[in-house]
Enquirer: 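First the structure, which I've put down as structure tokens, then a few questions once you've had a look.
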Amino acid sequence: NRLVEELLTFAQPSLADFESCDMNKLVKEVVGLVRFESRNRKVEVVEDYAPDLPRVNGDPEKLGRAFLNIVQNAFQAVPNDGRVSISTELTAGKNGGPSRRVAISVCNTGSFIAPDLRKQIFQPFFTTKPQGTGLGLPIASQIIVGHKGQIDVESDPDRGTTFRIEIPCVSPALAIL
């Protein structure tokens, strides 16, 4: 049962198995899977991956799960004839964090998350979907934070919604492993 699996994932997260991860490869795999699941919908998909993106220290299975939850939400929330855009870039860290971070942005058109709902979307069991469990975004957030990253959301009624994830790059000494 999906609800039980998600509840167990949230309540008892397993230990992460960290390794040097290629985020472009990981995000492309997730986008390919969700694109296949959504093949019967008319949704434009725009992908823009930064070349030569540094690696991050992470658990590829867990990060894949976090990205899958976020990308699936983007596809589910966008109307037909809408657009989902996924991009990666190297950026400086925020709030005194590491200076180099890999940023992944997932944007969709047409969906809007009101400010009062944005405060709740990362809380367990909060959902606006009739069949939703309310655990996808809390699990994604838990995984990202467990990787010393952060996740933010911006939403505008005219432009849509953007989820932005930032994860620290590995140190140069580990990047060659």
Enquirer: Apply salt bridge (Lys or Arg N to Asp or Glu O under 4.0 Å) to R118 and list each qualifying residue two or more places apart in sequence or on a separate chain.
Expert: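 Once residues adjacent in sequence are excluded, R118 has no partner under the salt bridge (Lys or Arg N to Asp or Glu O under 4.0 Å) criterion.
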Enquirer: Do I167 and L63 pass the side-chain contact (heavy atoms from CB on, under 4.5 Å) test, and can you show the C-alpha distance, the side-chain angles, and the key distance before you say yes or no?
Expert: CA-CA 10 Å; I167 301 173; L63 289 170; 3.6 Å; yes
Enquirer: Please report the closest heavy-atom contact between A103 and E166, naming both atoms and the distance.
Expert: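 So the two residues come closest at CB-CG, 3.9 Å.
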Enquirer: What's the spacing between R55 CZ and L53 CG if we round to 0.5 Å?
Expert: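 R55 atom CZ to L53 atom CG measures 10.0 Å (nearest 0.5 Å).
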Enquirer: Do I165 and H147 have side-chain heavy atoms sitting under 4.5 Å apart?
Expert: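 No, side chains not in contact.
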Enquirer: A side-chain contact here means heavy atoms from C-beta on lying under 4.5 Å apart; do P54 and L90 qualify?
Expert: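 The answer is yes; the side chains approach within 4.5 Å.
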Enquirer: Using modelled atom types only, decide if a donor and an acceptor are shared between the side chain of T162 and the backbone of E154 within a distance under 3.5 Å.
Expert: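 No, the answer is negative, given that no donor and acceptor are paired below the 3.5 Å cut-off.
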Enquirer: In Å and rounded to the nearest 0.5 Å, what is the CD1 to CD1 distance from I139 to I70?
Expert: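 One gets 11.5 Å once the value is rounded to the nearest 0.5 Å.
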Enquirer: Applying salt bridge (Lys or Arg N to Asp or Glu O under 4.0 Å), can you list everything that pairs with D116, at least two apart in sequence or on another chain?
Expert: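 With sequence neighbours excluded, D116 shows a salt bridge (Lys or Arg N to Asp or Glu O under 4.0 Å) to no residue whatsoever.
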Enquirer: Can you measure from CG (N73) to OG1 (T161) and round to the nearest 0.5 angstrom?
Expert: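 It is 10.5 Å, given to the nearest 0.5 Å.
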Enquirer: How would you list all residue pairs meeting salt bridge (charged side-chain N to carboxylate O under 4.0 Å, His left out) that involve residues 102-114, not counting sequence neighbours?
Expert: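 Qualifying pairs: none.
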Enquirer: If only atom types and distance count, is the side chain of R41 paired as donor or acceptor with the main-chain N or O of V78 below 3.5 Å?
Expert: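 Yes, R41 side chain to V78 backbone: donor-acceptor pair under 3.5 Å.
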Enquirer: If the condition is side chain to side chain donor-acceptor pair (under 3.5 Å), which residues does E61 pass it with, not counting sequence neighbours?
Expert: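 E61: no side chain to side chain donor-acceptor pair (under 3.5 Å) contacts found.
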Enquirer: Rounded to the nearest 0.5 Å, what's the gap from CD1 on I151 to CD on Q142? Could you check?
Expert: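 I151 CD1 to Q142 CD: 12.5 Å, rounded to 0.5 Å.
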Enquirer: Restricting to pairs with a member in residues 18-35, which pass salt bridge (charged side-chain N to carboxylate O under 4.0 Å, His left out), not counting sequence neighbours?
Expert: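 Checked against salt bridge (charged side-chain N to carboxylate O under 4.0 Å, His left out) - neighbours excluded - the pairs reaching residues 18-35 are R35-E47.
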Enquirer: Does F112 share a hydrophobic cluster with V153, counting links as ILVMFWY side-chain heavy atoms below 4.5 Å and allowing steps through other members?
Expert: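 No, F112 does not connect to V153 through the hydrophobic network.
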Enquirer: Check whether any side-chain N or O of R100 sits under 3.5 Å from a backbone N or O of C169 as a donor-acceptor pair, and report yes or no.
Expert: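 Not at all, since once roles are kept as given, no pair shorter than 3.5 Å links the two residues.
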Enquirer: Does atom CZ of R159 have more than 12 heavy-atom neighbours, drawn from other residues, nucleotides or ligands, at distances under 6.0 Å?
Expert: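 Open.
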Enquirer: With sequence neighbours excluded, what pairs up with E44 under the salt bridge (Lys or Arg N to Asp or Glu O under 4.0 Å) test?
Expert: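 E44 satisfies salt bridge (Lys or Arg N to Asp or Glu O under 4.0 Å) with R83 once adjacent residues are dropped.
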Enquirer: Could you tell me which non-hydrogen atom of C21 sits nearest to which non-hydrogen atom of P60, and how far apart they are?
Expert: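 Minimum heavy-atom separation between C21 and P60: SG-CD, 3.7 Å.
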Enquirer: Heavy atoms only: give me the nearest T109-P79 pair and the separation to one decimal.
Expert: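 Heavy-atom minimum between the residues: O-CD, 3.4 Å.
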Enquirer: At what distance, to the nearest 0.5 angstrom, does CD1 of I144 lie from CZ of F122?
Expert: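 Here the rounded value is 9.5 Å.
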Enquirer: Please name the pair of heavy atoms, one in A74 and one in N108, separated by the smallest distance, quoted to 0.1 Å.
Expert: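 Reported closest heavy-atom pair: O-ND2, 3.0 Å.
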Enquirer: Taking atom CZ of R164 and atom CD of E89, what is their separation to the nearest 0.5 Å?
Expert: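 R164 atom CZ to E89 atom CD measures 4.5 Å (nearest 0.5 Å).
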Enquirer: Do Q72 and F75 come within less than 4.5 Å of each other through their side chains, counting heavy atoms only?
Expert: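 With C-beta onward as the side chain, the pair stays apart.
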Enquirer: Please determine whether residues L117 and F125 belong to a single hydrophobic cluster, defined as Ile, Leu, Val, Met, Phe, Trp and Tyr linked transitively by side-chain heavy-atom distances below 4.5 Å.
Expert: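 Same cluster: L117 reaches F125 through Ile, Leu, Val, Met, Phe, Trp or Tyr contacts under 4.5 Å.
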Enquirer: Spell out, as yes or no, whether a donor-acceptor pair under 3.5 Å connects the side chain of N24 to the backbone of P51.
Expert: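 Answer holds: no.
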Enquirer: Less than 4.5 Å apart, any side-chain heavy atom of I121 and any of F163?
Expert: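 A side-chain contact exists here, since the closest heavy-atom pair is under 4.5 Å.
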